[in-house]
Amino acid sequence: IVRNKNNNNSVCVISCVTNELYNHTPRVIITAIATMDSAGSDVWASLWERVESNAFDFEAYTKLVQVAEAEADLSKMRQVCDRFLDAFPLLYGYWKRYAEFEWEHGDKEAGTWREVYERSVAAVAHSVDIWVYYSAAAAERVHDDAEVQSIFERGIAAVGLDFLSGPLWDKFASFEAHQSPLRASSVYRRAIAVPSNQLAQLY
């Protein structure tokens with residue numbers, strides 16, 4: 001019973017659930033879940049047919065990636081990204097998406113996320129962005145400082161003279177600052193010799 005404060009009338013709210021409805025509710029839920037799974041499988045199959053018939057169906061690939069992410073399905077993510085990025089290897093944003101999905105759902109000890117990043121820098125070696133993503137991820141996750149330093153140095157060798165390389169130099173210097181001020185100073189000296197988009201900040 002809910003009493004209305006504005007007057008003396010009372011409103012009775014009665015909620016009745018019959019035994020029949022209660023007993024069938026679990027079956028209804030199970031049926032709904034099965035239907036959703038079936039619908040998801042149908043969408044995946046339909047989109048996969050499109051890429052089977054056209055290996056460069058960009059829209060179908062992006063939708064497949066979305067399905068894999070929504071389902072948090074690593075197997076599907078690998079299946080679609082391996083094919084997608086074979087067809088469109090310069091899409092550094094999707095390489096990052098793939099690598100980070102591996103980090104979240106894959107075997108961290110096995111380092112499958114690193115394998116994806118290694119493939120990405122091999123495919124699009126002159127992308128500043130992918131080297132920034134890879135180096136930053138390695139700085140956070142890899143415990144061997146020499147290994148991380150090696151990744152930064154590889155990135156610098158590949159894109160260090162690019163005008164947009166400022167963020168990579170900055171992350172490299174920040175990483176070295178946690179190890180040794182002298183090493184950080186060395187990186188900064190190298191960085192300010194490059195007319196990058198963050199020259200003033202690095203200086």
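Salt bridge annotation for Arg97-Glu102: absent, with no cationic side-chain nitrogen under 4.0 angstrom from a carboxylate oxygen. Between Glu118 and Arg154 there is a salt bridge, with a side-chain nitrogen of the basic residue lying less than 4.0 Å from a carboxylate oxygen of the acidic one.
Remark: the backbone N or O of Glu49 is paired with a side-chain donor or acceptor of Ser53 at under 3.5 angstrom. Under the 3.5 Å distance criterion, the side-chain polar atoms of Tyr61 are matched with a main-chain donor or acceptor of Ala55. Proximity of a side-chain donor or acceptor of Ser135 to a complementary backbone N or O of Val132 within less than 3.5 Å is not detected. Not a single donor-acceptor pair under 3.5 Å links the side chain of Ser127 to the backbone N or O of Val124. Put simply, the side chain of Asn197 gets close to the backbone of Gly166: a donor and an acceptor are under 3.5 Å apart.
The distance from atom CG of Asp42 to atom CG of Leu47, rounded to the nearest 0.5 Å, is 11.0 Å. One finds the OG atom of Ser196 at 9.0 Å from the CH2 atom of Trp169 (value rounded to the nearest 0.5 Å). Rounding to the nearest 0.5 Å places CG of Leu164 at 8.0 Å from CG of Asp129. Annotation: the span from Leu64 atom CG to Met77 atom CE amounts to 10.5 Å, rounded to 0.5 Å. Note that OG of Ser46 is 12.0 Å distant from CH2 of Trp44, once rounded to the nearest 0.5 Å. Between the CG atom in Leu90 and the CH2 atom in Trp95 there is a gap of 10.0 Å [rounded to 0.5 Å].
Annotation: side chain of Asp73 is not in contact with side chain of His105 (no heavy-atom distance under 4.5 Å). At least one side-chain heavy atom of Arg50 sits under 4.5 Å from a side-chain heavy atom of Glu59. Inter-residue side-chain proximity for Glu52 and Asp57 is flagged as unmet; no heavy-atom pair is nearer than 4.5 Å.
The aromatic rings of Phe172 and Phe152 sit parallel to each other, their planes meeting at less than 30°, with 60° as the upper class boundary.
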For this session: Report the C-alpha distance between Val116 and Phe101 in whole Å, list the side-chain angles of each, state the deciding distance to 0.1 Å, and finish with yes or no for side-chain contact (heavy atoms from CB on, under 4.5 Å).
Result: CA-CA 10 Å; Val116 174; Phe101 196 88; over 6 Å; no
Exercise. Does the ring pair (Phe, Tyr, Trp, His ring centres under 6.0 Å) test come out yes or no for Phe58 and Phe88, once each step is laid out?
Worked result: CA-CA 9 Å; Phe58 185 86; Phe88 300 95; 5.4 Å; yes
Exercise. Checking side-chain contact (heavy atoms from CB on, under 4.5 Å) for the pair Phe84/Thr62: CA distance, chi angles, key distance, verdict?
Worked result: CA-CA 8 Å; Phe84 184 19; Thr62 59; 4.1 Å; yes
For this session: Test salt bridge (charged side-chain N to carboxylate O under 4.0 Å, His left out) on Glu100 and Lys96 and set out the steps.
Result: CA-CA 6 Å; Glu100 292 306 307; Lys96 176 180 185 288; 5.5 Å; no
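Hydrophobic clustering keeps Leu182 apart from Phe175 (ILVMFWY residues linked when any side-chain heavy atoms are closer than 4.5 Å, directly or through intermediates).
At least one cation-pi condition fails for Arg114 and Trp103: the charged atom is not both under 6.0 angstrom from the six-membered ring centre and inside a 45 degree cone around its axis. Annotation: cation-pi geometry not satisfied between Lys108 and Trp113 (NZ/CZ under 6.0 angstrom from ring centroid, within 45° of ring axis).
Applying the salt bridge (charged side-chain N to carboxylate O under 4.0 Å, His left out) definition to pairs two or more places apart or across chains, those involving residues 188-202 are Glu153-Arg190. Applying the salt bridge (charged side-chain N to carboxylate O under 4.0 Å, His left out) test to residues at least two apart or on different chains, the pairs with a partner in residues 161-181 are Glu176-Arg183.
Here the shortest heavy-atom pairing between Ala146 and Asp144 reads N-OD1, 3.0 Å. Taking both residues in full, the closest heavy atoms of Gly160 and Ser165 are given as O-OG, 3.1 Å, listed atom of the first, atom of the second, then distance.
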